[in-house]
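Contents: one structure, followed by commentary.
In each ligand, atom 1 is the first atom listed, and ligand 1 is the first ligand listed. Position 1 is the first residue of the sequence; numbering continues from there.
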Amino acid sequence: MKRAVIAGAGAWLPPKLVTNADLTARLDTSDEWIRTRTGMSVRHVVEPGTATCDLAVEAGRRALDAAGRDADIVILATTTPDRQVPPTAPEIATRLGLGTVPAFDLSAACAGFLYGLSTASGLIATGAARSVLLIGADAFTTMVDPDDRATAVLFGDAAGALLLRAGQDGEPGAVGAPVLGSDGSLADLIQVPAGGSRTRVNGPLTDLADPKDLYFQMNGRETFRHAVTRMSQSSRAAVTAAGWELAEVDRLCAHQANARILTAVADELGFEPARQLSNVADVGNTAAASLPTLLAMAAADGTLKTGHRVLLTAFGGGLSWGAATLTWPDTDVLVD
Ligand code: ACO
């Protein structure tokens with residue numbers, strides 16, 4: 001059976017920065033609270049008029065250039081499509097010059113990239129695709145209430161991409177079988193209450209019970225608890241499925257939701273700081289873009305090296321979570 005193998009990687013972060021000082025100037029918060037509770041200092045954010053597609057095209061182009069080949073299929077994992085209809089991926093494919101290839105969006109919140117990795121692996125295993133461009137992109141700050149200190153400090157915008165090709169098990173760059181899960185009984189913990197079919201906006205926004213229902217809302221404390229449990233459980237299962245021991249994993253690449261969550265997961269799994277990848281201080285939580293952006297940035301700065309065994313894990317709204325293993329290949333990575 002064919003395996004998905006990484007042939008190229010790329011990431012793109014919008015140039016505008018929002019520092020903790022920028023946030024404390026307009027919100028009832030402090031640099032000390034943000035740094036100690038989240039580990040974040042800076043985020044990259046889109047300017048008005050820039051959308052998820054724009055980020056995704058930049059990252060996708062870099063992954064294609066790094067791989068030196070085209071894709072048969074484009075998958076966009078995102079929580080913030082440009083519009084509710086149509087899906088965003090077809091426009092990405094067109095703007096990347098990929099013609100009329102199949103292209104679709106995948107929605108699994110911050111776990112979207114792992115769900116996308118599983119889908120891409122399946123498409124390659126069945127022979128439906130020889131190469132898949134998998135992009136995780138979110139302009140998450142467009143969905144966050146700028147006046148809500150509990151969420152406004154957490155998020156940034158970014159896109160990361162992998163070009164996956166058909167290869168063999170055991171090859172450098174081969175992706176292991178992802179382990180995924182969900183729990184819809186906790187759907188209300190992380191949500192945008194309005195704007196979907198349950199609470200459609202038919203008239204002016206003032207018709208809504210609360211106009212703030214169009215913004216992202218999260219029960220942070222409860223989410224924290226489930227995030228640690230689910231990422232730890234799925235990580236153990238993915239490592240076992242790969243036939244590895246946790247001690248043999250060279251780098252833990254976990255969804256960058258919060259530095260304290262990362263520490264809790266790393267402690268639970270026995271990863272000392274030298275084996276953890278992190279960019280949460282410099283980019284914040286970038287939702288579906290978090291994992292591919294971290295992989296690309298770590299490969300570019302040398303903290304992730306050829307041959308490293310990597311454990312990926314993520315958690316988000318749904319609830320949805322997952323984990324996967326891979327070995328980092330000798331491949332080009334384009335980031336700026
Ligand atoms: N500045 C100052 N005080 C604040 C801020 C802020 N920016 N935000 C919240 N507070 C206050 C709260 O009002 C509360 O005050 P109170 O005790 O007087 O009521 C106090 O700080 C503690 O609030 P908590 O929410 O309990 O704070 P906590 O330590 O849990 O940190 C945080 C909040 C950072 C959101 C954390 O819970 C977290 O990271 N949760 C998980 C997020 C996550 O994993 N998300 C992943 C999925 S996201 C997705 O799918 C898109």
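Considering only non-hydrogen atoms, atom 27 (O) of ligand 1 lies nearest to Arg37 out of Arg37, Arg221, Met231.
When only modelled atom types and interatomic distance are considered, Ser41 and Asn20 share no side-chain donor-acceptor pair under 3.5 Å. In summary, the side chains of Thr151 and Gln217 do not present any donor paired with an acceptor at a separation below 3.5 Å, with no hydrogens or angles considered. Side chains of Asp31 and Thr24: no donor on one and acceptor on the other come within 3.5 Å. Looking at Asp138 and Thr286, their side chains never bring a donor and an acceptor atom within 3.5 Å of each other.
Ring geometry, Phe155 versus Phe216: the interplanar angle exceeds 60°, so the pair is classed perpendicular (tilted spans 30 to 60°).
With sequence neighbours left out, Arg230 forms a side-chain hydrogen bond (donor to acceptor under 3.5 Å, both in side chains) with Gln233.
The atoms of ligand 1 that sit less than 4.0 Å from any heavy atom of Gly316 are 47 (C), 50 (O). Here is the list of ligand 1 atoms found below 4.0 Å of a heavy atom in Asn258: 34 (C), 36 (C), 38 (C), 39 (O). The atoms of ligand 1 that sit less than 4.0 Å from any heavy atom of Arg260 are 28 (P), 29 (O), 31 (O). The contact set between ligand 1 and Val153, taken as ligand atoms under 4.0 Å from a residue heavy atom, comprises 7 (N). Per-residue contacts place Ala150 under 4.0 angstrom from the following atoms of ligand 1 (heavy atoms of the residue considered): 8 (N). Counting the atoms of ligand 1 from 1 in the order shown, those under 4.0 Å from a heavy atom of Gly317 are 50 (O). Counting the atoms of ligand 1 from 1 in the order shown, those under 4.0 Å from a heavy atom of Phe140 are 51 (C).
Scanning the protein for heavy atoms near atom 43 (C) of ligand 1, the closest one is Thr223 CG2, 3.6 Å. When hydrogens are left out, the protein atom nearest atom 12 (C) of ligand 1 is Arg149 NH2, 3.9 Å; that is the closest non-hydrogen contact. Nearest to atom 10 (N) of ligand 1 among the protein's heavy atoms is Trp33 CZ2, 3.5 Å. Nearest protein heavy-atom neighbour of atom 45 (N) of ligand 1: Met218 SD, 3.5 Å. Protein heavy atom at the shortest distance from atom 6 (C) of ligand 1 is Thr29 OG1, 3.3 Å. At the shortest separation from atom 44 (O) of ligand 1 among protein heavy atoms lies Ile261 CD1, 3.2 Å. Protein heavy atom nearest atom 35 (C) of ligand 1, with residue, atom name and distance: Leu154 CD1, 3.8 Å. For atom 48 (S) of ligand 1, the nearest protein heavy atom (residue, atom name, distance) is Cys110 SG, 3.5 Å.
Protein heavy atoms are found less than 4.0 angstrom from atom 40 (N) of ligand 1. Within the 4.0 Å cut-off (strictly below), no protein heavy atom is located near atom 17 (O) of ligand 1. Inside a 4.0 Å radius of atom 14 (C) of ligand 1 there is not any protein heavy atom. The presence of a protein heavy atom under 4.0 Å from atom 31 (O) of ligand 1 is confirmed. In this structure, atom 20 (C) of ligand 1 is not in close contact with the protein, since no protein heavy atom lies within 4.0 Å of it.
A cation-pi arrangement is found for Arg275 relative to Phe271, the charged atom lying closer than 6.0 Å to the ring centre and inside a 45° cone about the ring normal.
With respect to the salt-bridge test (charged N to carboxylate O, under 4.0 angstrom), the residues Glu171 and Arg3 do not qualify. Using a cutoff of 4.0 Å between basic side-chain nitrogens and carboxylate oxygens, Arg95 and Asp54 are scored as salt-bridged. A salt bridge does not link Asp65 with Arg61: none of the charged nitrogens is closer than 4.0 Å to a carboxylate oxygen. A salt bridge links Asp72 to Arg130: one of the charged nitrogens lies within less than 4.0 Å of a carboxylate oxygen.
Atoms SG and CD, on Cys53 and Glu58 in that order, are 10.5 Å from each other to the nearest 0.5 Å.
Between the Asn258 side chain and the Arg37 main chain, a donor and an acceptor come within less than 3.5 Å of each other. Without hydrogens or angle criteria, Thr199 side chain to Gly195 main chain gives no donor-acceptor distance under 3.5 Å.
Assignment of Thr79 to the shell around ligand 1 is not supported, since no heavy atom sits closer than 4.0 Å. Residue contacts with ligand 1 do not include Ile34, since none of its heavy atoms lies under 4.0 Å from the ligand.
Taking distance alone, with nitrogen or oxygen atoms compared against 3.5 Å, Gly220 approaches ligand 1 more closely than that limit.
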